[in-house]
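Structure first, then comments.
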Amino acid sequence: MKIFVIQNKRFPFMDGDHDEIALRKWHREIGHGLMAITDEEKILFDNLSTEFADIPRNRSQLEKCQEKDSSILTDNVSVDQGRNVEKSKE
């Protein structure tokens with residue numbers, strides 16, 4: 001799970017490939033207490049949730065992050081273009 005989250009910068013969704021769906025089901029079942037785990041596994045699960053608290057957990061959160069990132073990139077391009085205009089005036 002940790003490798004998936006790091007590589008994809010999001011938690012798994014139910015509309016992915018077979019392995020992604022399996023990870024999503026596992027995460028949901030553990031999170032809702034539907035699957036028995038040891039105390040050590042519970043600590044690892046809780047640490048994973050804490051470590052990646054800011055990572056999108058569903059498609060809606062992912063889309064909001066992408067919109068935010070796009071907005072930041074657009075703002076940066078506008079600032080850079082403004083600097084180029086100022087330099088050309090000098």
Side-chain angles (χ1 to χ4, degrees):
M1 173 69 87
K2 186 172 186 173
I3 292 170
F4 179 91
V5 173
I6 290 169
Q7 288 177 343
N8 295 284
K9 296 179 179 66
R10 64 175 175 80
F11 278 82
F13 298 148
M14 288 299 291
D15 60 354
D17 64 17
H18 176 73
D19 292 337
E20 182 174 353
I21 293 169
L23 277 175
R24 174 67 183 121
K25 287 180 179 179
W26 173 86
H27 187 260
R28 183 184 60 82
E29 289 174 4
I30 298 293
H32 290 284
L34 302 173
M35 182 182 284
I37 57 173
T38 66
D39 291 340
E40 183 179 332
E41 289 170 330
K42 175 71 171 136
I43 291 169
L44 292 171
F45 180 84
D46 291 343
N47 288 344
L48 177 77
S49 296
T50 301
E51 181 179 354
F52 296 113
D54 296 334
I55 298 293
R57 295 177 183 270
N58 58 49
R59 182 128 350 250
S60 175
Q61 291 175 353
L62 178 64
E63 289 170 357
K64 286 180 185 176
C65 286
Q66 289 172 336
E67 288 173 7
K68 182 177 162 184
D69 289 346
S70 176
S71 174
I72 290 170
L73 288 174
T74 302
D75 291 345
N76 287 341
V77 168
S78 296
V79 169
D80 288 342
Q81 287 175 347
R83 287 183 187 149
N84 288 338
V85 169
E86 289 174 15
K87 284 181 183 179
S88 63
K89 288 181 182 179
E90 295 174 356

Could you measure the distance from the [atom1] atom of [X] to the [atom2] atom of [Y]? Nearest 0.5 Å is fine.
| X | Y | atom1 | atom2 | result |
| --- | --- | --- | --- | --- |
| Lys42 | Asn47 | NZ | CG | 10.5 Å |
| Lys2 | Leu44 | NZ | CG | 9.5 Å |
| Glu41 | Ile30 | CD | CD1 | 7.0 Å |
| Met1 | Ser49 | CE | OG | 8.5 Å |
| Asn58 | Arg24 | CG | CZ | 8.0 Å |
| Gln66 | Arg59 | CD | CZ | 8.5 Å |

Worksheet item: Which heavy atom of Gly16 sits nearest a heavy atom of Ile21, and at what distance?
Response: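 Looking at all heavy atoms of both residues, the shortest contact is O-CD1, 3.3 Å.
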With a 6.0 Å cut-off (strictly less than), is the heavy-atom count around [atom1] of [X], excluding the residue itself, greater than 12?
| X | atom1 | answer |
| --- | --- | --- |
| Asp15 | CG | yes |
| Asp39 | CG | no |
| Leu34 | CG | yes |

Determine, using the 4.5 Å side-chain heavy-atom cutoff (strictly less than), whether Met14 and Ile55 are members of one ILVMFWY cluster.
-> no
Check: Are Ile43 and Met35 co-members of a hydrophobic cluster defined by side-chain heavy atoms under 4.5 Å apart?
Finding: no
* To do: Determine the interplanar angle of the Phe52 and Phe11 rings, folded into 0 to 90°, and report it as parallel if under 30°, tilted if 30 to 60°, perpendicular if over 60°.
  => perpendicular
Measure the acute angle between the ring planes of Trp26 and Phe45, then classify it against the limits of 30° and 60° as parallel, tilted or perpendicular.
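Trp26 vs Phe45 ring planes: perpendicular.
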- Keeping the roles fixed (side chain from Asn8, backbone from Arg10), state whether a donor-acceptor pair exists under 3.5 Å. no
(message) Any side-chain to backbone donor/acceptor pair from Glu20 onto Phe13? Under 3.5 Å, distance only.
(response) yes
